[in-house]
2 protein chains.
Amino acid sequence: MAEKNLTLQLDFHSGFPIYTQIVNQIQSQLANGILKPGDQLPTVRALASELRVNFNTVARAYRILDEARIISTQQGRGTYIIEIPPPEVTEKLRQDSLSELTKRYVGEAFRLGFSEREVSQMVKDTLKSWKDAKQVKDEE
Amino acid sequence: MAEKNLTLQLDFHSGFPIYTQIVNQIQSQLANGILKPGDQLPTVRALASELRVNFNTVARAYRILDEARIISTQQGRGTYIIEIPPPEVTEKLRQDSLSELTKRYVGEAFRLGFSEREVSQMVKDTLKSWKDAKQVKDEE
DNA sequence: CTACAATACATACAATGATACAATTAGTAC
DNA sequence: GTACTAATTGTATCATTGTATGTATTGTAG
């Protein structure tokens, strides 16, 4: 499961952007079981070389897939199909997962000796600064 | 003497560099007494093996901590928590560690698609129920 | 034609990994 | 104890991988 050859077929005259074609075909191959969770995708440069396009174009496709939680790109390491492909989770499962995540966080914070007040305040501050940071670079 | 197992939790798709996560978590554990002055940290290779990362990544984290006068790295000997931690930075370390922990939590929650409101509410609820319920479970 | 947006590319950068090296320690033979 | 060798530890350097930012090209509306 080292390296998938990822035979993609690009059509340069179809009118569809290359990065879109890459995105769609990877999604398709995942849906059809050609790609499986945990599989490592070619590096942006390797795939770009094979497809005869600029590696930034591949990187753009990977970035879209990453934001869609389909793959996980890790600088300096590589790109992988995400382990737990996000299925259609129900709202209950959604809440449960947040609850679990929060319990782990609060438990860890208390284990480290922080007070309820400290935790509460830090969450508030972090949420605020996170939102501020997002507003700067978000344009969607 | 004191050989710490150093249970660190890395998140490879959090967006935060691995070496930064290592730095922050060691700071955190020192600030909260899990690590103590004089303690020997795992070798760069041992910790790297446990975390499934390259040992240079651990070395980079150690180097940063060394430059911050938090640990002492000695070629051929090992790395140790510095004997006399500057007291004026203790509280800062504590705050930094909570900040880092919180950032990881919030980042993960957002990555899973939860809103600021949901996160805020869940933290509030979790803190409340935590206080209400006596912890029956022992320390882990 | 001009203006604008989208796309693809070029370049510099940051994070991680691989490899060879230097310093120290621990044995081991004498 | 000394001298030698091997193992262990951190260090230095470069390669590999993805990221960030700017630029050129293309298509299209006005």
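Lettering follows sequence order; numbering is per chain, from 1. Any value given below was found using the heavy atoms of this structure, including those in side chains, with hydrogens, waters and symmetry copies removed.
Taking atom CZ of R45(A) as the reference point, atom P of dT19(D) lies 11 Å away to the nearest angstrom. For the pair Y19(A) OH and dC9(C) P, the interatomic distance rounds to 13 Å; values are reported in whole Å. Distance, Y62(A) OH to dG18(D) P: 7 Å, rounded to whole Å. For the pair F16(A) CZ and dT7(C) P, the computed distance is 12 Å after rounding to whole Å. Atom CG in N54(B) sits roughly 14 Å away from atom P in dG10(D) (whole-Å rounding). The separation between R52(B) atom CZ and dT16(C) atom P is 18 Å, rounded to whole Å. dT17(D) atom P lies 18 Å from atom CG of D66(A), rounded to whole Å. Taking atom CD on Q75(B) and atom P on dA12(D), their separation rounds to 8 Å, with Å as the unit.
Nearest nucleotide to the side chain of F55(B), out of dT19(C), dA12(C), dA8(C): dT19(C). Set against dT16(C), dA8(C), dT17(D), the side chain of T43(A) has dT17(D) as its closest nucleotide.
For dT17(D), the OP1/OP2 oxygens have no side-chain nitrogen or oxygen of T73(A) closer than 4.0 Å. Considering only side-chain N and O atoms, T57(B) lies nowhere under 4.0 angstrom from the phosphate OP1 or OP2 of dA15(C). Distances shorter than 4.0 Å separate none of the side-chain N or O atoms of R77(B) from OP1 or OP2 on dT8(D).
Ring geometry, Y105(A) versus Y105(B): the interplanar angle falls under 30°, so the pair is classed parallel (tilted spans 30 to 60°).
Using a 4.0 Å heavy-atom distance criterion, R63(B) is classed as making no nucleic acid contact.
For the residue pair S120(B)/E118(B), the side-chain donor-acceptor check at 3.5 Å is not satisfied. Side chains of Q21(B) and S14(B): a donor on one and an acceptor on the other come within 3.5 Å.
A donor-acceptor contact shorter than 3.5 Å links the side chain of D39(A) to the backbone of K36(A).
Here the shortest heavy-atom pairing between Y19(A) and T57(A) reads CB-O, 3.8 Å.
Judged by distance alone with a 3.5 Å cut-off, a donor-acceptor contact links the side chain of N56(B) to the base of dA12(D).
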